[in-house]
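Please read through the structure below; I'll follow up with questions.
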Amino acid sequence: MKETFRSDLLAGKTTVITGGGSGLGKAMALRMAGLGAKIGIVGRRLDKLQATVDEITAAGGTAACATGDVRDSAAVKAAFDAVEAKLGPANQLINNAAGNFLSASEDLSDNAFDSVVRIVLYGTFNCTRELGQRLIARGAPGEVLSIVTTYVHNGSAFVLPSAAAKAGVAAMMRSLAVEWATYNIRLNSVAPGPFPTEGAFSRLLPGSEIEKQAKRRVPSRRFGEHHELTSLVAFLMSDASPYQTGDIVTIDGAEALFSGQQFAGFAHLDRGMAKEMMAALKPKK
Ligand code: HXC
């Protein structure tokens, strides 16, 4: 990918990214570091976190990591302390850590529901409150971004804990965008459609046939590329978007619209054939 932003777009930003050792979190960490942000990644597995820090450092960026489970508010506080001790005060947060799996909702155990909701909803609250308290105490401005999903608007069958928790996250960002504007803290959500990662795809789109069907729901018939998502995230986390707050920005190649449009399937027919069929339906004069 050829970089299209100025290389100092994120200079002066120190960004904590949860779940930053793999998947989309790692992609955001690498891209933002390349644009001048100092990156603090927090996650459960030190080996993955350290490998990402090493990759950023080898590319000339600045990064540190701390282990911690976002479900545990004391661990979140300790992780912020550890990252700030290495990088200086944090002024940004990306709530990226998530948990999800496919299950019929009537079969969910207490612990299954609890695990996903605690990671997604409580984890986002723990981290957002932690950064918010620090920014407010220092009188510093900042940015918070939460990665949600396109089903945040309408829910989704078979991923009920995630759908409920992500809707809560979006509501949290919107509530705080109003409440913390006085502190110059911006909060937004990004709702990605299908961007392939090991973590999500192994749990949610297992197998090439299901993947093929998923691609057919995207008008362009392709999944998103990581740099397309990280470009949006870099813009929202930069000083180029000072008036953007309380938003939920969808990036899905119009997949969600396609799924909701009655005649969307025609877009996948050969256009000549589709036009012939429509012309044949036109009443003859
Ligand atoms: C039913 C399941 C299950 C499954 C786990 N459980 N997997 N129930 N079907 N497939 C149940 C367990 O049986 C247990 O309940 C409870 O959930 C907790 O499981 P643990 O494995 O002990 O929990 P933990 O180690 O904390 O792991 C949390 C997790 C796991 C959410 C279950 O999947 C995880 O760590 N995921 C992180 C990464 C991830 O999910 N990435 C995808 C994000 S994608 P019992 O009752 O047996 O104790 C995303 C956006 C999607 O969020 C957008 C798509 C386009």
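Order of listing sets the numbers, starting from 1, for every ligand and every atom in it. Residue numbers run from 1 in the order of the sequence given.
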Can a protein heavy atom be found under 4.0 Å away from atom 6 (N) of ligand 1?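 Answer yes: something from the protein, a heavy atom, is under 4.0 Å.
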Where the closest heavy atom to atom 44 (S) of ligand 1 is concerned, which of Ala163, Ser162, Ala200, Gly224 has it?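 Residue with the shortest heavy-atom distance to the ligand atom: Ala200.
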Does the plane of the ring in Phe223 sit parallel, tilted or perpendicular to the ring in Phe201? Use 30° and 60° as the thresholds.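 Correct class here is perpendicular.
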Backbone N or O of Gly142 within a donor-acceptor pair of the Asn91 side chain at under 3.5 Å?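 The answer is no, because no donor-acceptor pair under 3.5 Å joins these two groups.
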Heavy-atom protein contact below 4.0 Å for atom 21 (O) of ligand 1: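 Given the 4.0 Å cut-off, atom 21 (O) of ligand 1 does not count as touching protein heavy atoms.
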Restricting to non-hydrogen atoms, name the atom on Gln92 and the atom on Lys13 that form the minimum distance, rounded to 0.1 Å.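 Nearest heavy atoms, Gln92 then Lys13: NE2-CD, 3.3 Å.
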Please state which protein non-hydrogen atom is closest to atom 49 (C) of ligand 1 and give its distance, to 0.1 Å?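 Sorting protein heavy atoms by distance from atom 49 (C) of ligand 1 puts Asn100 ND2, 3.6 Å first.
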Among Ser109, Ala214, Ser156, Gly193, which one has a heavy atom closest to atom 46 (O) of ligand 1?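 Selected option, by shortest heavy-atom distance: Ser109.
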Per-atom contacts, ligand 1 versus Ser115 - under 4.0 Å to a heavy atom: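 It comes down to these atoms of ligand 1: 16 (C), 18 (C).
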Contact check: Arg203 vs ligand 1, nitrogen or oxygen atoms, below 3.5 angstrom: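 Yes - when backbone and side-chain N and O of Arg203 are compared with those of ligand 1, one distance drops under 3.5 Å.
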Atom 4 (C) of ligand 1 [closest protein heavy-atom partner, distance rounded to 0.1 Å]: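 Scanning the protein heavy atoms, the shortest distance from atom 4 (C) of ligand 1 goes to Phe101 CD1, 3.4 Å.
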Identified side chain to side chain donor-acceptor pair (under 3.5 Å) counterpart of Asn95 within the set Asn126, Thr128, Thr18: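 Testing each of Asn126, Thr128, Thr18 against Asn95, the sole residue satisfying side chain to side chain donor-acceptor pair (under 3.5 Å) is Thr128.
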Just distances here: any N/O of Arg44 and N/O of ligand 1 closer than 3.5 Å?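 N/O-N/O distance under 3.5 Å: yes.
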Closest to atom 14 (C) of ligand 1 (judged by heavy-atom distance), picking from Val120, Asn111, Val159: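 When every heavy atom of Val120, Asn111, Val159 is considered, Asn111 comes closest to atom 14 (C) of ligand 1.
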Stepwise side chain to side chain contact (heavy atoms under 4.5 Å, CB included) check, Glu55 with Thr52: CA-CA 5 Å; Glu55 216 176 303; Thr52 304; 5.5 Å; no
Looking at atom 51 (C) of ligand 1, is any protein heavy atom nearer than 4.0 Å to it?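 Yes.
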Not counting sequence neighbours, list each pair that qualifies as a ring-ring contact (aromatic ring centres under 6.0 Å, His included) and has a residue in residues 238-266.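 Only Phe258-His268, Phe263-Phe266 qualify under ring-ring contact (aromatic ring centres under 6.0 Å, His included).
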Compare every heavy atom of Ala191 with every heavy atom of Ile248, then report the nearest pair and how far apart it is.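 Of all heavy-atom pairs spanning Ile248 and Ala191, the closest is CG2-CB, 4.1 Å.
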How far apart are the closest heavy atoms of Arg134 and Asp81, and which atoms are they?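 Shortest heavy-atom separation between Arg134 and Asp81 comes out as NH2-OD1, 2.8 Å.
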To the nearest 0.1 Å, how far is atom 11 (C) of ligand 1 from its closest protein heavy atom, and which atom is that?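 The answer is Ala112 CB, 3.6 Å.
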Enclosure of Phe5 CZ (heavy-atom neighbours >12, cutoff 6.0 Å):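 Enclosed: over 12 neighbouring heavy atoms sit under 6.0 Å from CZ of Phe5.
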Give the cluster check for Leu232 versus Ile17: same hydrophobic cluster or not, with ILVMFWY residues linked at side-chain heavy-atom distances below 4.5 Å.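 As far as the 4.5 Å side-chain criterion goes, Ile17 and Leu232 are connected within one cluster.
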Going by the atom numbers of ligand 1, which of them fall below 4.0 Å from some non-hydrogen atom of Arg71?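 Once the distances to Arg71 are compared, the set is 26 (O).
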Of the protein's non-hydrogen atoms, which lies at the shortest distance from atom 31 (C) of ligand 1, and what is that distance?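 Going atom by atom, the protein heavy atom closest to atom 31 (C) of ligand 1 ends up being Gly99 CA, 3.7 Å.
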Under 4.0 Å, heavy-atom basis, I'd like to know which part of Thr150 is in contact with ligand 1: side chain, backbone, both or neither.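 It is neither; nothing of Thr150 touches ligand 1.
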For atom 39 (C) of ligand 1, which candidate among Ala98, Ala165, Ala104 provides the closest heavy atom?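 Shortest heavy-atom distance from atom 39 (C) of ligand 1: Ala98.
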Option nearest atom 54 (C) of ligand 1 (shortest heavy-atom distance, choices Thr149, Ile119, Leu205, Leu204):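 Nearest heavy atom to atom 54 (C) of ligand 1 lies in Leu204.
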